[in-house]
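Encoded as structure tokens, the structure appears first; notes follow it.
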Amino acid sequence: MHWFGSLLSGGKAVLLKGTNPEFILRAVSEEKCTIVWLLVPWAQDLLLALDSGKINLEMYQLDQWRLMHIGAQPVPQSLIRHWKDYFPDHQYDTNYGLSESIGPGCVHLGVENIHKVGAIGKAGYGWETKIIDEQGNPVKQGETGELAVKGPGVMVCYYNDPKATEEVLHDGWLYTGDMAMEDEDGFIFLVDRKKDVIISGGENIYPVQIEDFLRTNDSILDVAVIGLPDQRLGEISAAIISLKPGMICTEEDINEFCRKLPRYKRPRKIIFADVPRNATGKIEKPRLREMYGAAHLVDAQNRG
């Protein structure tokens, strides 16, 4: 879908077989690419290679590269600010969509709105959006609710699954399962996946907010925050943290860093491990909950 504009105008496209930083920059340089679509992990890897000195931008012809396009998940504001340190003249854009809405495009930021970095944008051409509560009623501006979209790309149904279809389609509106909020200017910000929200002692905790905060720590390469079962609170938040190569960081260091967060948002458990992502760059949180959930219960029972 991202390529359709170029396809319709006869523009050239370069399809990569790999996504390591050197491969990406060499393709941009040799093929004279002007627009590059990246996933968050690819952009993070490229920045890490630049920070460590493994890559020298002077070795590549990049003057023609004008736009960095990113999406498929919430984009940390810190990532784009760091990107602009190396590529100050780059335009930035992002789209939002689902397979059920024919992919990206139902919400669009626009290159003219880089001052709203972190937002996914406003309703795209021919689309409508609303943010709703559990009863399907619109929430007040600034409040968090589920994002619903309506437009020409909404699917007809899930094949041979009327029950699943009924759960997400309501009078032409597609309930996305993404929690979002709209600011005073009408720009939509993703907060988290509805199914990933952690309810701890009656408080709603949105993992993406904690992940974005932890990524501002210079020692952290990647992070995922998940809910683990807890007998007293229902769930507690756990941060799975992958450190940058050569960095040393302890649980005490992370806890001290998190003192800037409200107490209820501070991770109750810190795990140093790799953060698994799927082919589209999204964190595999169900896998993490499966990996660490049972072990956490056993530990809690042993302590009890």
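Along the sequence shown, residues carry numbers from 1. If you're wondering where the values come from, they're calculated on a predicted model, not measured in any experiment. Atom set for the values below is all heavy atoms of this structure, side chains included, hydrogens, waters and symmetry mates excluded.
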With no hydrogens and no angle check, is any side-chain donor or acceptor of [X] less than 3.5 Å from a backbone partner on [Y]?
| X | Y | value |
| --- | --- | --- |
| Asp133 | Gln135 | yes |
| Thr144 | Met181 | no |
| Ser29 | Leu62 | no |
| Ser52 | Leu48 | yes |
| Ser6 | Lys12 | no |
| Thr250 | Asp253 | yes |
| Asp192 | Val208 | yes |

(message) My understanding is that a hydrophobic cluster links ILVMFWY residues whose side chain heavy atoms are under 4.5 Å apart, including indirect links. Using that, what else belongs to the cluster containing Val111?
(response)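 Its cluster mates, by chain and number, are Ile35, Leu67.
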Is [X] atom [atom1] crowded by more than 12 heavy atoms from other residues, nucleotides or ligands, each under 6.0 Å away?
| X | atom1 | result |
| --- | --- | --- |
| Lys282 | NZ | no |
| Leu7 | CG | yes |
| Met247 | CE | yes |
| Arg268 | CZ | no |
| Asp274 | CG | no |
| Glu134 | CD | no |

(message) Check this for me, if you would: do Arg289 and Asp196 make a salt bridge, where the nitrogen-to-carboxylate-oxygen distance has to be below 4.0 angstrom?
(response)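 The answer is yes: the pair qualifies as a salt bridge.
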(message) Check this for me, if you would: do Lys285 and Glu211 make a salt bridge, where the nitrogen-to-carboxylate-oxygen distance has to be below 4.0 angstrom?
(response)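 Looking at Lys285 and Glu211, the cut-off is met.
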For a quick test of reading the model, state the closest non-hydrogen atom pair linking [X] to [Y] and the distance between them.
| X | Y | value |
| --- | --- | --- |
| Cys258 | Leu214 | SG-CD2, 3.6 Å |
| Ser237 | Arg266 | OG-O, 3.6 Å |
| Ile283 | Arg215 | CD1-NH2, 4.1 Å |
| Gln61 | Lys32 | CG-CE, 4.1 Å |
| Lys116 | Asp183 | NZ-OD2, 2.7 Å |
| Leu288 | Ala224 | CD1-CB, 3.6 Å |

(message) Working note: Ile114 + Lys84, criterion side chain to side chain contact (heavy atoms under 4.5 Å, CB included); need CA distance, chi angles, decisive distance, verdict.
(response) CA-CA 11 Å; Ile114 194 170; Lys84 296 289 281 185; 4.0 Å; yes
How many angstroms lie between [atom1] in [X] and [atom2] in [Y], if you round to the nearest 0.5 Å?
| X | Y | atom1 | atom2 | answer |
| --- | --- | --- | --- | --- |
| Asp178 | Ile131 | CG | CD1 | 10.5 Å |
| Thr19 | Leu39 | OG1 | CG | 8.0 Å |
| Ile55 | Asn20 | CD1 | CG | 7.5 Å |
| His82 | Thr216 | NE2 | OG1 | 12.5 Å |
| Leu47 | Trp42 | CG | CH2 | 14.5 Å |
| Gln77 | Phe189 | CD | CZ | 6.5 Å |

Just wondering, do [Y] and [X] contact through their side chains at under 4.5 Å, heavy atoms?
| X | Y | answer |
| --- | --- | --- |
| Ile199 | Asn204 | yes |
| Gln64 | Val28 | yes |
| Asp93 | Gln91 | no |
| Val154 | Trp127 | yes |
| Tyr86 | Asp51 | yes |
| Glu251 | Ile254 | no |
| Leu147 | Tyr96 | yes |
| Glu22 | Tyr60 | yes |

With clusters defined by side-chain heavy atoms of hydrophobic residues (ILVMFWY) lying less than 4.5 Å apart, directly or transitively, does [Y] cluster with [X]?
| X | Y | answer |
| --- | --- | --- |
| Ile102 | Met155 | no |
| Ile270 | Ile226 | no |
| Leu243 | Ile210 | yes |
| Tyr92 | Ile120 | no |
| Leu221 | Ile240 | no |

(request) Look at the aromatic rings of Tyr175 and His170 and report parallel, tilted or perpendicular, splitting at 30° and 60°. (result)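 Judged by the thresholds at 30° and 60°, the geometry between Tyr175 and His170 is tilted.
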(message) Ring-plane angle category for His90 and Trp83, please: parallel below 30°, perpendicular beyond 60°, tilted otherwise.
(response)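 Tilted, since the angle between the ring planes falls between 30° and 60°.
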(message) Assess the residue pair Val225 and Ile205 against the criterion (side chain to side chain contact (heavy atoms under 4.5 Å, CB included)); give the C-alpha distance rounded to whole Å, side-chain angles, the decisive distance to 0.1 Å, and a yes or no.
(response) CA-CA 10 Å; Val225 174; Ile205 299 173; 5.7 Å; no
(message) Under the criterion side chain to side chain contact (heavy atoms under 4.5 Å, CB included), I'd like the reasoning laid out for Phe87 against Leu50: C-alpha separation, chi angles, the key distance, then a yes or no.
(response) CA-CA 11 Å; Phe87 304 99; Leu50 289 170; 4.2 Å; yes
(request) Mind running side chain to side chain contact (heavy atoms under 4.5 Å, CB included) on Asn113 and Lys122 for me, showing each step along the way? (result) CA-CA 10 Å; Asn113 294 315; Lys122 298 182 177 182; over 6 Å; no
